[in-house]
There are 2 protein chains.
Amino acid sequence: MKKTIFVFSALIVALLALFQLSKYAYISRDVSVEIVIASIAIVFFLIGLYINKRTLQKEKLPDTIVNLKRVEELGISNREYEVLVQISNGLSNKEIAKKLFVSESTIKTHVSNLLVKLDAKRRTQAVQKAKQLQILAI
Amino acid sequence: MKKTIFVFSALIVALLALFQLSKYAYISRDVSVEIVIASIAIVFFLIGLYINKRTLQKEKLPDTIVNLKRVEELGISNREYEVLVQISNGLSNKEIAKKLFVSESTIKTHVSNLLVKLDAKRRTQAVQKAKQLQILAI
DNA sequence: ACGATTTTGGTACTTTAGTATGAGTCTCTC
DNA sequence: GAGAGACTCATACTAAAGTACCAAAATCGT
């Protein structure tokens, strides 16, 4: 919101500056009025392009960003979350165990807890729900 | 490209129209020059916003669209693809069987074929690979 | 330091998932 | 109408996945 205020202030300043320019312009010559108007149009057209690009790019980002607050809310621990990520990467319990340097039993415990916390019956469903809840990157 | 040409033609027409307005305006009164310039600025600013929104929205779409050509290239049949979609929705073989009105054996066959065609060892990996290949919506 | 989580691990068991193999039906094409 | 693919289904098996229950370390907040 602060940036929006700044941008609009800058716009007003630019507008006032152009007023001054235009006054000097049509005093000296008559043809330059068209040029001033054209340049105003082009400048504000470009400003419009730029601002929109900025805002739309910001709208894009939240789609892929992980909602870590929700992970806490669901009571999912750090280790459990790590396991969840590996599940979504398509790894088996044994593979996850190797990757995280623990036994397969441990992973099974984590997975069981995850299924309860995500209200899922299978790991595939857990992944689907996690992505819906935006706690996993798409 | 055709739309771009149309938009820029419209811009030129609008510019010419504003020239005419501005000429009449500063003949009658001096204050209205500022108003004309301001309105030009606002109009072109909004045009800039609009055009950019259009183009950026088009860029967004291809990210979520499914690449059906690649499904064919991998030799995945229609029925297999249906099963793949249900897997990514987190359903079990039994649930998929009910949903598609076939036996669980049939689903197992489809899944086995899918795993070979997607070069995956598990259904979770199949989903992950399918999304990487953009044959499944994210 | 103490209680509360978290993380780890085990055993024993049930349920899914996945493989291998074979085979019948159906549709489309040449 | 013969063959190719796709779809269906079954049996028998192996391999994962998941549940239930318990319990010892490790970590962390106050």
Side-chain angles (χ1 to χ4, degrees), chain A residues 66-133 135-136, chain B residues 66-133 135-136:
Chain A
V66 170
N67 193 336
L68 289 175
K69 305 166 204 165
R70 212 164 289 171
V71 178
E72 282 184 55
E73 285 168 11
L74 291 166
I76 295 172
S77 71
N78 290 343
R79 203 58 165 168
E80 284 165 356
Y81 185 74
E82 285 185 82
V83 172
L84 179 58
V85 171
Q86 297 307 321
I87 290 175
S88 83
N89 285 334
L91 299 193
S92 69
N93 289 339
K94 201 175 285 182
E95 287 170 340
I96 298 171
K98 275 185 192 168
K99 201 162 193 172
L100 301 184
F101 305 107
V102 292
S103 79
E104 197 185 339
S105 304
T106 308
I107 301 301
K108 281 190 177 185
T109 308
H110 288 322
V111 172
S112 263
N113 292 333
L114 272 171
L115 293 181
V116 172
K117 289 170 183 176
L118 285 168
D119 188 30
K121 288 179 184 170
R122 284 162 294 283
R123 46 172 57 211
T124 47
Q125 199 180 2
V127 170
Q128 186 255 344
K129 285 205 173 189
K131 287 184 178 178
Q132 253 184 358
L133 291 165
I135 64 176
L136 269 184
Chain B
V66 171
N67 193 338
L68 290 174
K69 304 167 205 164
R70 213 165 288 171
V71 178
E72 283 184 55
E73 284 168 12
L74 291 166
I76 295 172
S77 70
N78 290 343
R79 203 58 164 168
E80 284 165 356
Y81 185 74
E82 285 185 82
V83 172
L84 179 58
V85 171
Q86 298 306 322
I87 290 175
S88 83
N89 285 335
L91 299 192
S92 69
N93 290 338
K94 201 175 284 181
E95 287 170 339
I96 299 172
K98 275 184 191 168
K99 201 162 195 174
L100 300 185
F101 305 107
V102 291
S103 78
E104 197 185 340
S105 303
T106 308
I107 301 301
K108 282 191 178 188
T109 308
H110 288 322
V111 172
S112 263
N113 292 332
L114 272 171
L115 293 182
V116 172
K117 288 170 184 176
L118 284 168
D119 189 30
K121 287 179 184 170
R122 283 162 295 282
R123 47 172 56 213
T124 46
Q125 197 179 4
V127 170
Q128 185 255 346
K129 285 206 172 189
K131 287 184 177 176
Q132 254 185 358
L133 292 166
I135 64 176
L136 269 184

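These figures come from a predicted structure and were not determined experimentally.
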Using atom CG of A/Asn78 as one end and atom C1' of C/dT5 as the other, report the distance to the nearest whole Å. 12 Å
At under 4.0 Å between heavy atoms, what does B/Ser103 touch on the DNA or RNA strands: base, sugar-phosphate, or nothing? sugar-phosphate
Non-hydrogen atoms of B/Arg122 and B/Leu115 that approach each other most closely: O-CD2, 3.4 Å
For atom NZ of B/Lys98 and atom P of C/dT16, their distance in whole Å: 10 Å
Between D/dT19 atom P and A/Asn113 atom CG, what is the distance in whole Å? 10 Å
Is there any protein nitrogen or oxygen under 3.5 Å from a nitrogen or oxygen in nucleotides 14-18 of chain D, and what are the pairs?
from	atom 1	to	atom 2	distance (Å)
D/dA17	OP2	A/Asn93	N	2.9
D/dA17	N7	A/Lys108	NZ	3.4
D/dG18	OP1	A/Arg123	N	2.7
D/dG18	OP2	A/Arg123	NE	2.8
D/dG18	OP2	A/Arg123	NH2	3.4
D/dG18	N7	A/Lys108	NZ	3.3
D/dG18	O6	A/Lys108	NZ	2.8

Spacing between A/Glu82 atom CD and C/dT6 atom C1', to the nearest angstrom: 12 Å
How far does NZ of A/Lys98 sit from OG of A/Ser92, to the nearest 0.5 angstrom? 8.0 Å
After noting the C-alpha distance and the side-chain angles of A/Glu82 and A/Arg79, does the key distance pass the salt bridge (Lys or Arg N to Asp or Glu O under 4.0 Å) rule? CA-CA 5 Å; A/Glu82 285 185 82; A/Arg79 203 58 165 168; 3.2 Å; yes
Quick check on D/dC7: is either OP1 or OP2 less than 4.0 Å from any side-chain nitrogen or oxygen of B/Ser77? yes
Donor-acceptor pair, B/Lys117 side chain versus B/Leu74 backbone, under 3.5 Å? no
Answer yes if the side chains of A/Thr109 and A/Ser112 hold a donor-acceptor pair under 3.5 Å, and no otherwise. no
Between C/dG9, C/dT7, D/dT8, spot the one nearest the side chain of B/Arg79, thanks. D/dT8
Among C/dT8, D/dA6, D/dT8, the one nearest any side-chain atom of A/Thr106 is C/dT8
Return the value, rounded to whole Å, for the distance between atom CD of A/Glu80 and atom C1' of C/dT8. 12 Å
Heavy-atom pair of closest approach, residues B/Tyr81 and B/Ile76: N-CG2, 3.8 Å
Measure the distance from NZ on A/Lys117 to P on C/dT6 and round it to the nearest whole Å. 6 Å
Round to a whole Å and report the spacing from CD of B/Gln86 to P of C/dA17. 13 Å
Given C/dG9, D/dA6, C/dT7, the nucleotide with the shortest approach to the side chain of A/His110: C/dT7
From CD1 of B/Ile76 across to P of D/dC7 the rounded distance in Å is 12 Å
Over 12 non-hydrogen atoms of neighbours within 6.0 angstrom of CD in B/Glu72: no
Taking all heavy atoms of A/Leu84 and all of A/Ala130, pick out the closest pair and write down the distance. CD2-CB, 4.0 Å
Students should find that the end-to-end axis angle of the helix from C/dA1-D/dT30 to C/dC30-D/dG1, with five pairs defining each axis and rounding to 10 degrees, is 60°
Roughly how far apart are B/Glu95 CD and B/Asn89 CG, rounded to 0.5 Å? 10.5 Å
Name the nucleic acid region contacted by B/Ser105, choosing base, sugar-phosphate or nothing; use a 4.0 angstrom heavy-atom cut-off, strictly under. base
